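These notes are about the structure you will find just below.
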Amino acid sequence: MTGVRVVRRRHYILALLGILAAGLSAVALAANPNEREVKPGANVQDKDDIFSPDSKIWVLDFRFKDPRIITVNVPGRGRKICWYLWYQVINRTKEPRYFIPTFELVTLDKNTVHRDQVLPAVQEEIIRLEDPTGYQNIKNSVTIYKDPIPPSKPDAAPRPVTGVAIWDDVNPDTTRFNIYVTGLSNGWSLTDNPEKPDGEPIIRRKTLELCFRRPGDRYYQHSGEIQYMPPPNWIYRAVGVKAPAAVPDKKDEKGGEKVGAAPALRKSLRLPLLYDAAVR
């Protein structure tokens, strides 16, 4: 009888531990039910193996919540329906990296393109909803690149930097749209323009593509309509800048460092850390 009691007690303890573990897991999942993380991914146009310790191409991790919709009184614009994307950037490379972002929301059914905007009144309302204590220190697309993203050590908790992208002009009839995030990588490429073989090449930057659907209408816009359509895609996407002329390197007017195509391209893209080999 004693042996049977010991076995029963052991089974009871194991069952109790299983229930407790399941409960803790449920709490962990419920804490951030709409939070998704995108790891760095390779693309055939990468000029280096991004997973190699010696790679010249770096890629940042991206964490986000599905886009949300709020209504805010915007000074000078009146009451506006705004869309926003809460996100975090995590740097798991060895060096600090500047994140100079561009967020483009492209409607696939309405053929419209919307660049994110810095709207302080809307940002304040978002902070009130998403971070009422101010712990996350949510930044916009300008303030987030004032300081580099600090590296996170592999054996330590990540050091995310939180930001928000805002749109106040999204077509209310759209049911399918993508969000393109540029600035998470220094990967870029130059390709010939098929329409102008002798003209300027096309500049493409490594970009994160996130796809969504919204089975709703313009009369009742709310966050619950927006559905994420995985998987995320790492693509090379054309950017709206012109490639500078390939001029020979030469001393600047003050006799300082050499200037040429690569520095000019860095300046045109506003990126301090581009992969120069692509223009050599």
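Predicted, not measured: the structure shown is a model, and the values here were computed from it.
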Could you go through Thr71 and Ile81, starting from their C-alpha distance and side-chain angles, then the distance that decides it, and tell me whether this counts as side-chain contact (heavy atoms from CB on, under 4.5 Å)? CA-CA 4 Å; Thr71 303; Ile81 295 176; 3.9 Å; yes

Heavy atoms only: give me the nearest Arg77-Lys80 pair and the separation to one decimal. O-CD, 3.7 Å

If we only count heavy atoms from C-beta on, is the Thr207 to Val181 side-chain gap below 4.5 Å? no

Do Val122 and Tyr84 have side chains that get closer than 4.5 Å, going by heavy atoms? no

Does the Asn140 side chain pair with the main chain of Val118, one donor and one acceptor, at a distance under 3.5 Å? no

So Pro232 and Leu210, do their side chains get closer than 4.5 Å, heavy atoms only? yes

Asp116 and Ser141: side chain donor to acceptor below 3.5 Å: yes

Polar side chain donor-acceptor pair, Asp109 to Thr174, under 3.5 angstrom: yes

Side-chain touch Asp147/Pro96, heavy atoms, less than 4.5 angstrom: no

Criterion side-chain contact (heavy atoms from CB on, under 4.5 Å) on Asp66 and Phe64, from CA distance to verdict: CA-CA 7 Å; Asp66 293 353; Phe64 71 98; 4.0 Å; yes

Heavy-atom pair of closest approach, residues Asn171 and Asp173: OD1-N, 2.9 Å

side-chain hydrogen bond (donor to acceptor under 3.5 Å, both in side chains) involving Tyr87 - partner list, sequence neighbours excluded: none

Chi angles and distances behind the side-chain contact (heavy atoms from CB on, under 4.5 Å) call for Ile57, Asn186: CA-CA 6 Å; Ile57 299 178; Asn186 66 335; 3.6 Å; yes

On a heavy-atom basis, which atom in Pro160 and which in Ile90 lie closest, and how many Å separate them? CB-CG1, 3.9 Å

SB check Lys65 Glu35 (cutoff 4.0 Å): no

Over all atoms of both residues, closest heavy-atom pair of Ser152 and Arg159: OG-N, 2.8 Å

Within the structure provided, determine whether Trp58 and Asn91 are in side-chain contact (heavy-atom separation under 4.5 Å). no

Taking NZ, NE, NH1 and NH2 as the nitrogens, is one of them in Arg237 or Glu209 under 4.0 Å from a carboxylate oxygen of the other? no

Under a 4.0 Å threshold between the charged nitrogen and the carboxylate oxygen, would Glu37 count as salt-bridged to Lys39? yes

Is the shortest distance from a Lys or Arg side-chain nitrogen in Lys206 or Asp46 to a carboxylate oxygen in the other one below 4.0 Å? yes

One thing to verify: whether Arg92 and Asp61 come together as a salt bridge, which I'm taking to mean a side-chain N less than 4.0 angstrom from a carboxylate O. yes

N/O donor-acceptor pair under 3.5 Å between Trp167 side chain and His114 backbone: yes

Just so I know, are the side chains of Ile202 and Leu190 near enough to count as touching, which here means a heavy-atom distance under 4.5 Å? no

Using a 4.5 Å cut-off on heavy atoms from C-beta on, say whether the side chain of Phe177 contacts that of Ile226. yes

Heavy-atom side-chain contact between Gln117 and Asp169 under 4.5 Å: yes

Show the numbers, then the answer: is there a side-chain contact (heavy atoms from CB on, under 4.5 Å) between Phe212 and Tyr228? CA-CA 5 Å; Phe212 301 90; Tyr228 175 55; 3.7 Å; yes

Would you mind telling me which of Arg63, Gln88, Lys139 makes a side chain to side chain donor-acceptor pair (under 3.5 Å) with Thr162? Gln88

Within the distance-only criterion (no hydrogens, no angle test), does the side chain of Arg214 pair as donor or acceptor with the backbone N or O of Pro172 below 3.5 angstrom? yes

More than 12 heavy atoms of other groups within 6.0 Å of Asp192 CG: no

